[in-house]
Every structure is written in C-alpha cells, then in structure tokens.
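One structure below.
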Amino acid sequence: MSTAATTLIDKLWRNAVVCTEPDGPDLLYVDLHLVHEATSPQAFDGLRLAGRGVRRPDLTLAVEDHNVPTDSLTVSDALSREQLQALRRNCAEHGVGLFPHGHRRQGVVHVVGPELGLVQPGMTVVCGDSHTSTHGAFGALAFGVGTSDVEHVLATQTVAIQQPRTMSVEFTGTPAHGVTAKDLMLALITEIGANGAHGHIVEYRGEAVRSLSMEGRMTMCNLSVEAGARAGLIAPDETTFAYLADRPGSPSGPAWEDALAHWRTLTTDASALFDRTVTVDVSGLTPWVTWGTNPGQAVPLGGAVPDPETLADPQERASARRALAYMDLVPGTPMREIGIDTVFIGSCTNGRLEDLRAAADVLRGRRVADGVRVLVVPGSMDVRTRAEEEGLNEVFTRAGAEWRLPGCSMCLGMNSDRLPGRQRCASTSNRNYEGRQGPQARTHLVSPAIAAATAVAGRLALPADLP
Amino acid sequence: MEPLSTHTGKCLPLPRSNVDTDQIIPAEHCRSLYRTGYAGALFARWRSDPGFVLEQPERSGATVLLAGPHFATGSSREHAVWALRDWGFAAVIAPSFGDIFGRNALKNGLLAVTLPEPDVAWLLQHAEEDAEFEATVDLLHCRVSAGGRSWDFDIDGRARRMLLAGHDDITATLTREADIAAHEKSRRPWLPVLTPGMAPVPAESG
C-alpha cells in the first residue's frame, strides 16, 4: 500500500473502482443513479430489447423535471406527455422509485436528491444530465453521462471510465458582500475559459469555499461542467455534516458516528499534488453577468460589453464577434444599460431555498418594472412548501412575479416555459447558449439577487442600485 | 453493433469553436422516445441560413465532420450523436470534444477523433477549398490520413476494442459480475437505499 500523499479526488476514485480493464478504463461502482424522463427512454428500451433488468432499483431514483409544465399539473404537450408516461411505465416495470409531477417530493432531480440526504460524502453519483456535477458539493464523485451509459448503469450499476486528471481551484481572499458562488464561478470560467477545466475533476478549495453554505457549494459544483470539467467537488466538513443530519437518507444512531468518522478522512493530504492548480483571488470581487453565448463570456456587472477586436486569440475573437451579433450588443455598452424582458429565478443552479430568500430580500416591498415578466420556479416541491411557510411566495406575487411549480422550466427550451422571439432574459440558470431558452432567445446569467434587482429596474442592476 | 475498423469519406468543414450540443440539436427535438429519426433536427437553427455548410449541395454525402476546438460541449444529450449519425456522419475530427459527447459518440459507433489544432486547421483549409476532399479514419491503426499526410490519434482502449469487434459494452461488463458483487458486499452499511416511503413506485403507469 502506497503511503504517498493523495488528493481527495484520487481517494474517492480508488474507493469506487470495482476492477480495472487491462487497457485503461476503470469500472466504477455507482452508489446512486438519478434518472429523469428526457435521457432515459432509449436506455430502458435497450434493456427490454436485450432482456435485461435493473440491477439495483433501490439505488436508482427517478424524478420528472425536464418536460413538466410549471403553471399547471396538466401536461398539454403531446411529446412531453409521452416522455413522462414512458418514464412511469419504465419505473413501474422495473420497480424504480419515481417522484411524478405533482408529488410532494418532485422537483429538479439535482435539488431533490440532496434534500433527501441521498447524496453523501464519498459516494459515486451519476445521472443522464451534465449538471450531475452539483452533487460534488458533498464530497462525492458525481458526473453526467449519456443515455448509453444510463443503460449500462441500469444493467450493471457500474460505469466504465478512464480517470480524469486532477485540478485544484483555490479561491483566495474575501469577496465583497453580496457576492455569491455563482459570481465566483463566472469569474473563474471567464479566467480559464468555458473549457478551461476540460479532462479534469476539480476540487474547490480556500476560505471563500469553506464559508459557503451547502446550497452555495451545490451552485459552485453545478457550474463545474460550464468550465468543461468532468466533475467538481468540495471536501466535506462541519457544514456538510450539519446539512446531512436527520435527512431521510442519512445514517442514524451508531451508524451516524461511523459515517462521520469515515467522512472526516475524506480530505486531500497536505502535501498531495494536483495535475493542475489554479488560484483565483476573489478579494474585492463584485457580482458578475454574462454578455455572450457561453458562460465564459462574462464581466463584472459594473463593467461594459467588451470589444472583440481587443482579444488576442483569433478563435476567441471570432466567437466573441458571433456572440455579440447574436446578443445584439455593441462593445462599450455599460452592462447596467441593457434592458431585460424576462427574469427567470430557478434551475438546478439557483432554485434552492437560499436562492429564493436572496431574491425575495430584494423584491420585498418593491414592484417589478412595467413590461417585465418574472418567473420564480422553486427547485422542488419541498423548496416551494418551505418558501410558502416563510411567506416568500407572497413577497414574489405582491411584487408582480409569478410563483410557479417546480421543474427545469426556463433553463432549457424543452418544456412550455420558453422565451418568445428575440426576448432578453436575466436568468439564474447555467447556460447562455444560442437558443437555449427559446429559438432566438438571449440570456444573461446572473445570481438570484441580481435577477431580482434587474426585475425591479427593468435593466441589469445591483440591489444597491435600487431606490 | 456492426464491427467497425476504417472509414473513408468526404469532409464537411465547420470551422467554429465551442459548438455546444444545444446547437447540434436543440432541446425541443430531444423529446422522442427513440434512438433514430434525428437527421432533420441536426443543427436545426443554423440550417435556416441557406449559406450554412450543411445546406450546400456540393457538400452532400459528406461523412467526416471537421470542427473547431471544444466541439459538442454542454449537455449530456446523446441525441447530438444520434443526429450526426442519422445525417450520415461516421466520424468527427476536432482538437477537443465535450467529455460526455466523446463517450456518447464512441458508444454509437461515431468516431470522435482528437487531433492537434494545427492539423485540424490544415484539414479544414483543404476541405474548405475542395468539396471533394476526403479523409480516412483507421481505427485498427489509430490513424487519420488525408491529402497525402497522416496523423496518429489516441482513443479509449475499451471503446476501441468494442468497436473493432462489434461487441456490446454491457455484455463486456457483465463478465465482471463477480467483481461487481464483491465490491457491492464491501460497501459501507449506512449508504442510502431508496425505501418505498422515500420514493413510491407507481402502481399504475400514467
């Protein structure tokens, strides 16, 4: 047994390995397989054609999220309804637990799993969705896979995969008040590029990370894939343990003490080396916003639309020119002068209770600007219920925002929540790709407080800008 | 899957970087229950531009896509691979790929080949100048050849073996059943399992 100093990433990986193939990939055991309706029907069909079953239905959880409407429990779109029905049939046939649309536990799969305490330090979590990286917040190995891999996991409870390289991202310094995990990540992705962490699993480190809540950590890890990383994770600590205590899936009694003792060992050894190390000084960091069509095209909200001609890299220059044409923006325009038609608060990035509280704090006693539509979409039914217990729904509706049912909603153009025409949206989601929120839609990624301030001002704004 | 060892075909140049999976196939086209039928949705939004390379008549029949860096980043949707395959592409050559897409491609017999950026730029230039420009991707020797030049490439060993033999990935893993069962037994006893109370199994399909 080697005594060499080891990164947390390596520790988790080794622990998950079932066996190693002679020419490379490791077979990793999957401790939790999350399933949703959009990437699973062909996987279940594959099982059926091969006469195979689901190896561990008790380690598999299905949730309806991508296709569900958020204004009603009636699914009027025929294609969406068929996908939801297929998931229900498949789960019933294989004994897989499912939270259907309207169930008190339903919501975005990446919000629901952690709420139930089903994601714990040291676990391996996969799902047919790139934002599975969210669950790394618990010190878990968590990554998205495609439908063929979903079928492989259903049949074998394993995934065959080559170990990615290790990367440390250390956030040093203390950011300004009101700066969130979203802002830290937009600053990081802008610095290293939207594919800057390609081929790596990232461990986020530093005081600015340690001081984040579990919800902030989930936001941070969620955005790992927007930096091109395979996964991102944060070593578990007292914040993690406090979050997990008394959740339905958490160990209890003597098992809790055993689990805690194990979880406390899940850290990177002091002298361990990463394949790559990046340090980002966040002293004085202020809220960020995207101007382009990938999450790496972002600036501080107090800044201006950049000039592509000043970019040294020809690929980046071409990409920025195309992005500005699509976004209909002129270099030099102050970000604060950009008017907004719609505000979306929700998604697996920023649809948790803390996010809704941050938005409500800004909207309390204020009104949404005339002509601006605001959708507030809780990440889960549990988030919705808790928010209502705190009266947040009333804050939103009094301000003129819509209080909706949980789902992926306006994060992607798959359900009925889509931006019409060339509308411009301030969104707390994770992707500002061309057409992401509707065929010609333009997206500016922001944190929940910025989204709320923008709703009131009718243009991109900081809470401090509001009267 | 049919065994696959070498492919030769006309190249289609797409000299853009950061082509994300939402551009390859927008989400609204990902609601089908099937693995085929996505050719019409490939690059759906860009195809409304008649000048878009996929719409040019002289480019019809191209089976090797040449793309810029970071091709197919973003979503896990395997539909992006299904759409490229359904259109007729057998291989994509780019300086880098989205991680999940790279896996999805190989699992569907679409050869996603990574070559250094200057070499892809050279290929792109030749393909832009000559609509009949061809490339060969040889999986047996892990080599791309075109225009009198050739380049070696790396590929996941297991994926390559499966493709060459036409073997099913799941069948291969199931031969490891004893290892999987042994690992399963050694898992920590407190790890969560789904109980009926936590996630009810629907009695009736909706």
Option passing side-chain contact (heavy atoms from CB on, under 4.5 Å) with A/Ser148 (candidates B/Asp169, B/Val81, B/Leu106, B/Asn108): B/Asn108

Is there a side-chain contact between B/Arg161 and A/Glu21, using heavy atoms and a 4.5 Å cut-off? yes

Once rounded to the nearest 0.5 Å, what's the spacing between atom CZ of A/Arg322 and atom CG of B/Asn18? 8.0 Å

Chain A contact via B/Phe97 - which portion, at a heavy-atom distance below 4.5 Å: backbone

Looking only at side chains, do B/Gln23 and A/Tyr433 share a donor and an acceptor under 3.5 Å apart? no

Calculate, to the nearest 0.5 Å, the distance between atoms SG and CG belonging to B/Cys30 and A/Asn67 respectively. 10.0 Å

Of the backbone (N, CA, C, O) and the side chain (C-beta and beyond), which part of B/Ala121 lies under 4.5 Å from a heavy atom of chain A, both, or neither? neither

Would you check, one step at a time, whether the test side-chain contact (heavy atoms from CB on, under 4.5 Å) holds for A/Gln157 with B/His183? CA-CA 11 Å; A/Gln157 204 58 32; B/His183 183 93; over 6 Å; no

With distance as the sole criterion, is a donor-acceptor pair present between the side chains of B/Asp20 and A/Asn294 under 3.5 Å? no

Strictly by modelled atom types, are A/His152 and B/Thr173 linked by a side-chain donor-acceptor pair under 3.5 Å? yes

So what's closer than 4.5 Å to chain B heavy atoms on A/Val63: side chain, backbone, both or neither? neither

Quick one: are A/Leu61 and B/Met198 in side-chain contact, heavy atoms under 4.5 Å? no

The test is side-chain contact (heavy atoms from CB on, under 4.5 Å); show your working for B/Arg188 and A/His262 and say whether it passes. CA-CA 10 Å; B/Arg188 293 170 198 275; A/His262 172 60; 3.2 Å; yes

Would B/Trp46 and A/Glu434 count as having a side-chain donor-acceptor pair, cut-off 3.5 Å? yes

Please check if the side chain of B/Glu28 supplies one atom and the backbone of A/Met414 the other of a donor-acceptor pair under 3.5 Å. no

Testing the 3.5 Å rule here: is there a donor-acceptor pair between the side chains of B/Arg77 and A/Thr39? no

How are the rings of B/Trp190 and A/Trp263 set to each other: parallel, tilted or perpendicular (split at 30° and 60°)? perpendicular

Distance-only side-chain donor-acceptor flag, B/Ser75 / A/Arg436, under 3.5 Å: no

Run the side-chain contact (heavy atoms from CB on, under 4.5 Å) test on A/Leu59 and B/Arg187 for me, step by step, so that the C-alpha distance in whole Å, both residues' side-chain angles and the decisive distance to 0.1 Å come before the verdict. CA-CA 13 Å; A/Leu59 303 184; B/Arg187 290 174 75 236; 3.9 Å; yes

